[in-house]
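Every chain is numbered from 1, with letters handed out A, B, ... down the list of sequences. Only heavy atoms go into these numbers, but all of them, side chains included; no hydrogens, no water, no symmetry mates.
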Amino acid sequence: MNPIRIALTKGRLEKSTIQLFEKLGYNCDEVHNKGRRLILSIGDGQFEVVLAKAADVITYVEHGVCDLGVVGKDTILEKGSSFYELLDLGFGKCRFALACKSGYDFYHGYGAKTIATKYPKVTRTFFEGKDMDVRVIKIEGSVELAPLVGLADGIVDIVETGSTLKANNLEIIEYVTDISARLIANTASLKLRKNEIEELVKKMEAEVK
Amino acid sequence: MKKNLKITPEGTKDYLFKECTAVDYVCKKIQKVFENHQFHRVITPALEYFDLFSTDSSGLSAESMFKTMDNNGRLVVVRPDSTLPIARLVSTRMQNEVLPVRLYYNQAVYRNNPSLTGRSNEIMQMGIELIGSKGKRADLEVITTAIQCMQAVCKDFRIEVGHSLLFTSLIDSLGLTDDLKETIKEYIENKNYSALNDALDKLEKNDTVNAIRKLPSLFGGEEVFEKAKKLIKLPEALEALDYLNNLYKDLSKLDLGDKIIVDLGLVQQNEYYSGIVFTGYALGYGDAILSGGRYDKIFSEFNNSMGASGFAININHLAEEARYHSKSNIPEVLVFAKTDDDIMEAISYTQRLVKSGVRAQFSDLSDEKEARQFASKLGINKFEIIGE
């Protein structure tokens, strides 16, 4: 049988997931000494790890070239469509928040608000829920800049400690939603390789609870 | 728009040679299964009025359809599904036919998928519709046909079966808003345990909420029914569960072992399902390739009440797999006419060879040297000259 292939979001989520695998007793030496390789074996070869950017983790899992994936809820909300979300892994915690310049009355008046964000879908859904029709501008880099230079009334972005906001004289108006790392599965893989995947999920669940 | 001269629209592609052979191969195998079950072919137009697919129960979003207008300004779509056109056809053209009728189709459906996802917007589909009968006999006939299709064209596969009334009866008994119902349905469909738990925690605790909480994890073999029977108390849901259990017992007589799975969390996106639902997966492909079930409700849109069930199977991927096994179709003999006076004789001779079972081709090149080069480049072993 081929190994179960897991796509990991490079960086912090990758490290936390590997720690989790080690706690469960799987050998992760190859990941620690990965060099330039992109596909790595863990355990006794029953799993294979692929490192990718967050949005690509979803793409690989949706197309079934990876059976499982570890990705942040932020990316799922923005990019996700058809896969199973099996487990909240409990690490990689942060929040989506709406923020604007300190002292600015965001909800004041009837003018349509402009929001700068890296997450247009999340932003749209949030304001649709409030029956507000806003203009969304997609920004690729530091979103905090947009309200400061007058491009937007507010921003929707990921907030961990809030120190970047504070340093730029911005304040949180409202939290949009909580975020953490999730274990996702390809729909066909879960059916075709049910036992192997369920066994891993059960072990992970017991560890992260 | 000359810049689009050399590309096909996103999500479409050309099929060449072996790819076509593979499509034909897969279609023939499935057609054989359909015809062995006495299903008869129908063809519906590629263009239909938007109204047919914009019903509440169609489950198709307006964004996912390719739309255009007819010359009276009426909205027309390129067919995104074949079941609704067939329901229309049966309700109108076949009013006086003896029921039940067994129909099959082999035609593409078109979906306007989001860009750059690698999905096909043109999906070749074959499927059956068994119309005018309800109950276990019809359900088993349809599922068995589906299983035989999977057996005919895939090496390894799984068919999962569920019952749409299981979830709908449970959720309806809670008296929630449509929005919340939709959200919970989505969480179950995506097996999103954590979000489902959060949503259900906000509701009053009772047996039904507890059963819904467990639905996405209730998939597997016979043991699923034992677990479910302990959880589900609602009579309508129990009835659906019993029905599914009986069906599963019958299907296990086919001796397919773990190839048949039960998934009580199988809720289809299309609202029109009103009984059993099933989905087929093939090894090596990340998405369902077969889906179907019972959709009696569909005919209520046409002021008609009759039973209807069936399924559709996606051909594209199966053909990709089959391509690797399809045989060479390079000619064995190239027939060349020495002079223009020999052309008719050469053409007849070629056809005589073909009738005797040889893959022969008449050379349409007039220069012998060019013709010989053509044969050697293509790998045609034998070169015959007429008129020498």
Cut-off 4.5 Å, heavy atoms of chain A, and the answer for B:Asp258 is neither
Would you check if A:Leu192 and B:Arg158 make a side-chain contact, meaning some heavy-atom pair closer than 4.5 Å? yes
When the 4.5 angstrom heavy-atom criterion is applied to A:Leu190 and chain B, the contacting part is both
Turns out that what part of B:Ile261 lies under 4.5 Å from chain A's heavy atoms comes down to side chain
Separation between CG (A:Leu86) and OH (B:Tyr193), nearest 0.5 Å, reads 6.0 Å
Turns out that what part of A:Thr187 lies under 4.5 Å from chain B's heavy atoms comes down to both
Honestly, the part of A:Arg193 sitting under 4.5 Å from a heavy atom of chain B is neither
Treating A:Lys194 as the side-chain partner and B:Phe219 as the backbone partner, does any N or O pair qualify as donor plus acceptor under 3.5 Å?
yes
One pair to check against side chain to side chain contact (heavy atoms under 4.5 Å, CB included): A:Lys191 and B:Asp263. What are the steps and the verdict? CA-CA 9 Å; A:Lys191 301 299 152 77; B:Asp263 187 351; 2.9 Å; yes
So, the part of B:Ala282 with a heavy atom under 4.5 Å from chain A: the answer is backbone
Rounded to the nearest 0.5 angstrom, the CG-CZ distance for B:Asn190 and A:Phe83 is 7.0 Å
Distance col, row B:Asp198:CG vs A:Thr177:OG1, nearest 0.5 angstrom, shows 9.0 Å
